[in-house]
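Let me begin by presenting the structure, written as C-alpha cells, before commenting on it.
Computed from heavy atoms alone, side chains included, the values below leave out hydrogens, waters and symmetry copies. Note on naming: letters A, B, ... go to the chains in the order of the sequence lines (proteins, then strands), and numbering restarts at 1 for each one.
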Amino acid sequence: MSAVIDHHHADHGHGPAKGLMRWVLTTNHKDIGSMYLWFSFAMFLLGGSMAMIIRAELFQPGLQLVQPEFFNQMTTSHGLIMVFGAVMPAFVGLANWMIPLMIGAPDMALPRMNNFSFWLLPAAFGLLISTLFMEGGGPNFGWTFYAPLSTTYAPPSVTFFIFAIHLAGISSIMGAINIIATILNLRAPGMTLMKMPLFVWTWLITAFLLIAVMPVLAGAVTMMLMDIHFGTSFFNAAGGGDPVMFQHIFWFFGHPEVYIMILPAFGTVSMIIPAFARKPLFGYTSMVYATGAIAFLSFAVWAHHMFTVGIPLTGELFFMYATMLIAVPTGVKVFNWVSTMFRGSLTFEAPMLFSVAFVILFTIGGFSGLMLAMAPADFQYHDTYFVVAHFHYVLVPGAIFGIFASAYYWLPKWTGHMYDEVLAKTHFWMSFIGMNLAFFPMHFVGLAGMPRRIPDYNMMFANFNMVSSIGAFMFGATQLLFLYIVIKCIRGGPKAAAKPWEGAEGLEWTVPSPAPYHTFTTPPEVK
Amino acid sequence: MASHDTSHETYYVPPQSKWPIVGSIGLLVTVFGAGTMMNNMSADSDSSIGYWILLAGILIIAYMMFGWFSNVVNESRQGLYSAQMDRSFRMGMGWFIFSEVMFFSAFFGALFYVRMLAGPWLAGEGHKGESGLLWPEFQFVWPLLQNPDPAVYPGPTETISPWQLPLINTVILITSSITVTFAHHALRAAKRTALTLWLLLTVILAAVFLTLQIMEYMHAYNDLGLTLDSGIYGATFFMLTGFHGFHVAMGTLILTIILLRVMKGHFTPDNHFGFEAAAWYWHFVDVVWVGLFIFVYVL
C-alpha cells in the first residue's frame, strides 16, 4: 500500500467509529449488512402484526374486529411490507455481509452508494407506513395495486405510496449494481466464476433481474401517477388505454420479482446442505445453469397471473407452457439438494433443519404452482385461498426459512458466539408446525372456492380458517423467540471458532469469529 | 500511485461519508413535497406548501450531488483510485444505463401494446374484440385523433409531423453524439483546445435540441390540442418524449459540468472516466431518441 492511502485510511483503519453516527455515516459492508438485517427484521415483525390482524379477523366468519376498509389496508400493507421491506432487504443484508467475505474482497465495490441504498429504505417505508394515517386511509387495493382500483378509485394517499415505491426501487437498483460490480470486479485472485459459492452466483443473477425489472415497476407507478394527477389515460379505456395493460407491465416486473425473492435462498441452502451433509454439493455446475435458466424463463411467464383477465388463447397457451418449463430447472435443483444429502453424514443443527424443511416445503409450493400454471384449472383457482396457500408456501418456508437458515449458519461468524441450539430448534419446530397449520388448510378452502382478500366467508370454511389462524398466531409468536435468540447470541454464549461447522467450506471461515471490522484488505490466494 | 499489477491491494474503501444520508433525506423531502403538491393540485387546493417542500428537497439533492461528486473528483485527482476502482465505476455506469433502458422500455411497451393489441380490440377486432361493445362507434387508427369517449378525453386535432422539427432534432442529436466522440478523441490525443471546442459545440447542440423541443410542446398544446389528457396518443407521446427530454436536460447539465472541469484542466489522456461516463450517457439519450423518432413520430 502506498503512503497516501495509509494516510487516508488512518481515521478508520482500526475499527468502527463510536456512537450513533457510526451507523449513519458508515461505508463498511458489515455495518450496512447488519443494518439491512435489523431493518428487515423490524419490517418482518410489522408486516407480521398485520398478518395477525388479518388472521384474527378471519378466526371466525362474520365481521368481528375490523372494518372491511381497514382489512383491505392490512392485506395490502402486509404484502408490500413483507415483499419490499422484509424479504428483499434481508437478502441484500446477507449479500452485504457475506459476498465480500466469500470472494475475498475488502468491501463492496462502491461503499458509499451501499450506504445510500440502505438509508433510502427507512425513507421509503416511513413514507409507506405514514399513508396508513393519512386522510382516506392507506393503500387498500392489494399489493399488486391493479388499476383502476389504484388510480380512479384510490385514496389520495396513493400518491405517497407511488413515491415510496420509487424510493424502494432506487434503493434496490443501487444495491443490485453494487452487488454485480463487487462480484465481477472484486474477486480475490484465483476465485474464478465457477469456483464462486452458490450464494454469490444466485445473487449475481438476482442482481441482474433487479436491474432489469425494478425500472419497469418504476414505469408502471409513474403511469399511475400521471393517470391520477395529469389526466393521461394509460389505464383508462375511455381515452384509448387499457386497465389490463397495467397488469401486463406490473407482472413483467412481478414475476421476475418472485425469483428475486427465492434465488438467494436457493444459494444459501445450496451452501448449508453440503456443510451439514459433509459432502460437496451434488451438481454444482448444473445448479449454476439451472439458476440462469430460471432467471431467463422468468421474463416469459408473466401473463400466467392473468389467465382469467381475458387474453388471447395463443397467449394462454404460450404462458402456460413457458411456466411449466420452469419446473425443469427447479427440478434439477431439488434433485441436486436431495442427492447431496443422499448417503451423507447428516447432522441436524438449526441451519440444516431449516434447509431440509426448505427443500420439502418449497417443493410443495412448487407443485401447487404447477397446478396454477394450467390455464383451464387456474380459471377455478384464480383469486382463491389456493393462490394464497401457494405463494405463502414458496415465500415462508422458501424465502424466510432460507433467511433463518442463513442467519443461524452465519450468526457465529457475525457475533463470535454460538447461538442457543435448543432454543433455535424450538424456534424451528414451532415455526414449522405453525406455518403448516396456517397455510396447509388454505389449499382446501381455496379449492372449495373461498376468495382471497375478503374479511368474511361462508360458514362452511369456519373450521379450516380457525386452524389457519391458530397456526398463524403460533408462527407469529415464535418469531419473538427468534429475536430473543439473536440478542442472546450477540450478548454472549460459547465462543465460536473461526469455522464452527465441521463440514463448512469457503473463505468466510478463514477469518476469525467475529469477523474483524475490515477483512481481506489484502486479497487471499484462492487455489 | 501503485502500479496496476497490485491494484487488488490498493482498492480504495472510503472513510465515513455524510453524503448518503443527506441524499436519502433529500429524496424523501423531494418526493414528500412532490406528492403534497400533486394532491393539493388535484384537490383544487391553493395551498403552496408542497412547492416549498419540493424546492427544499431539490436543493438538498443538489447540495448532495455537488458535495458527493466533488468528493469523488478530489479523490480521483489525489490518485487514490486504482485501475480496479475504475472498473467498478465503469460497471456501475454501464448497469445504470441498462436500468434506464428498462425504464424506457416500460413506456415503449405500453405504446406497442396499445397500438398492436388493446387499440384494435377496443375497436372490435381480433381475439378480444368483445371489448368493442363498450363504444360500438369507436374506430382504431393511429395516430388516434378520436378517442373512445371524446366527452371525457377530447382527442388532438392533429399530430406533430415528423419531417419538420423532429427531423431537425434528430440531425442535431446525432451530430452531438459525433461531436462528443470527436471531443473524446481530442482528449486522448491531449489536444486540449480541440477538446474544449468540440465539447462546447456538443453542449450548444444539446441546448438547441431542448429549445426546439420546448417550441414543439408549445405548438402541440396551443395549436394542435395535443396534450397529456388528449387520450392515449397524447399520453404515450408526452410520456416518452417528456422523459427523454428530461434525460437530455440532465445530460446537458452533466456535459456542461464536464466542460467546466475540462476548462479547469481536469482529465488526462489516460484517466478520464468522468468524461467517458457523460459521453456514454449522451449516446444513450441519442439512441433513445432514434427509437422515439421511428416509433413515436414516423410510424
Side-chain angles (χ1 to χ4, degrees), chain A residues 1-2 4-5 8 11-12 17 24-27 106-107 109-112 115-116 119-120 123 127 156 159-160 163 166-167 173 177 180-181 184-186 189 211-213 215-216 218-220 223 226 228-234 237-242 244-245 248-249 310 312-313 522-523, chain B residues 1-2 8-21 23-24 27-28 31-32 34-35 38-39 41-43 78-80 84 87-88 91-92 95-96 98-100 102-103 105-107 109-110 113-114 118-119 122 127-128 134 144 147-149 152-153 228-229 231-233 235 239:
Chain A
M1 271 193 173
S2 71
V4 181
I5 287 161
H8 281 269
D11 53 342
H12 78 134
V24 177
L25 305 177
T26 187
T27 51
D107 205 294
L110 302 158
R112 279 179 293 230
N115 200 29
F116 196 12
W119 280 106
L120 276 175
L127 192 59
T159 312
F160 296 101
F163 283 119
H166 272 305
L167 293 186
I173 292 168
I177 289 175
I180 290 196
L184 293 183
N185 192 28
L186 261 62
I211 302 175
V213 301
V216 176
M223 286 184 236
M226 299 300 286
I228 294 169
H229 293 298
F230 298 96
T232 57
S233 51
F234 287 104
D242 185 0
V244 176
M245 182 165 80
H248 280 291
I249 300 172
L313 183 62
T522 312
Chain B
M1 218 173 104
H8 274 291
E9 290 174 28
T10 60
Y11 197 84
Y12 176 67
V13 178
Q16 290 195 324
S17 169
K18 71 174 176 185
W19 301 118
I21 189 74
S24 295
L27 273 171
L28 178 61
V31 298
F32 186 74
M38 288 175 194
N39 275 356
M41 191 182 77
S42 293
Q78 283 169 34
L80 295 175
Q84 196 186 14
R87 283 197 297 277
S88 289
M91 287 179 188
W95 286 105
F96 167 67
F98 174 63
S99 79
E100 291 271 46
M102 293 308 293
F103 182 70
S105 45
F107 299 109
Y113 179 78
V114 167
L122 207 50
H127 275 101
K128 291 289 147 190
L134 281 168
L144 189 63
N147 290 318
D149 190 346
V152 185
Y153 292 101
L228 270 172
D229 39 16
I232 193 67
Y233 185 88
M239 216 45 173

At a heavy-atom separation under 4.5 Å, does [X] approach chain A through its side chain, its backbone, both, or neither?
X: B:Phe103; result: both
X: B:Met38; result: both
X: B:Lys18; result: both
X: B:Ala43; result: neither
X: B:Leu122; result: side chain
X: B:Phe32; result: both

If you take all heavy atoms of [X] and [Y], which pair is closest and at what distance?
X: B:Ala235; Y: A:Thr232; value: CB-CB, 3.7 Å
X: A:Ala109; Y: B:Ser88; value: CB-OG, 3.6 Å
X: A:Ala17; Y: B:Gln16; value: CB-NE2, 3.4 Å
X: B:Val13; Y: A:Pro106; value: CG2-CB, 4.3 Å
X: A:Ala238; Y: B:Pro148; value: O-CD, 3.4 Å
X: A:Val244; Y: B:Tyr113; value: CG1-OH, 3.8 Å

Mind ranking [options] by heavy-atom pairs under 4.5 Å with chain A and telling me who comes out on top?
options: B:Val114, B:Val152, B:Leu27; answer: B:Leu27
options: B:Asp149, B:Ile232, B:Asp229; answer: B:Ile232
options: B:Gly35, B:Ala106, B:Gly92, B:Gly231; answer: B:Gly35

Sort [X] into side chain, backbone, both or neither according to what part of it lies under 4.5 angstrom from a heavy atom of chain B.
X: A:Leu184; answer: both
X: A:His248; answer: side chain
X: A:Asn115; answer: both
X: A:Ile211; answer: both
X: A:Met226; answer: side chain
X: A:Phe160; answer: side chain
X: A:Leu120; answer: both

Distance from [X] atom [atom1] to [Y] atom [atom2], nearest 0.5 Å?
X: A:Ile173; Y: B:Phe96; atom1: CD1; atom2: CZ; answer: 8.5 Å
X: A:Asp107; Y: B:Tyr12; atom1: CG; atom2: OH; answer: 12.0 Å
X: B:Lys128; Y: A:Asp242; atom1: NZ; atom2: CG; answer: 12.0 Å
X: B:Met91; Y: A:Asn185; atom1: CE; atom2: CG; answer: 4.5 Å

(message) Counting heavy-atom pairs closer than 4.5 Å to chain B, which one of A:Ala123, A:Ala220, A:Ala212 comes out on top?
(response) A:Ala212
(message) When you compare the side chain of B:Pro20 with that of A:Thr27, does any pair of heavy atoms fall below 4.5 Å?
(response) no
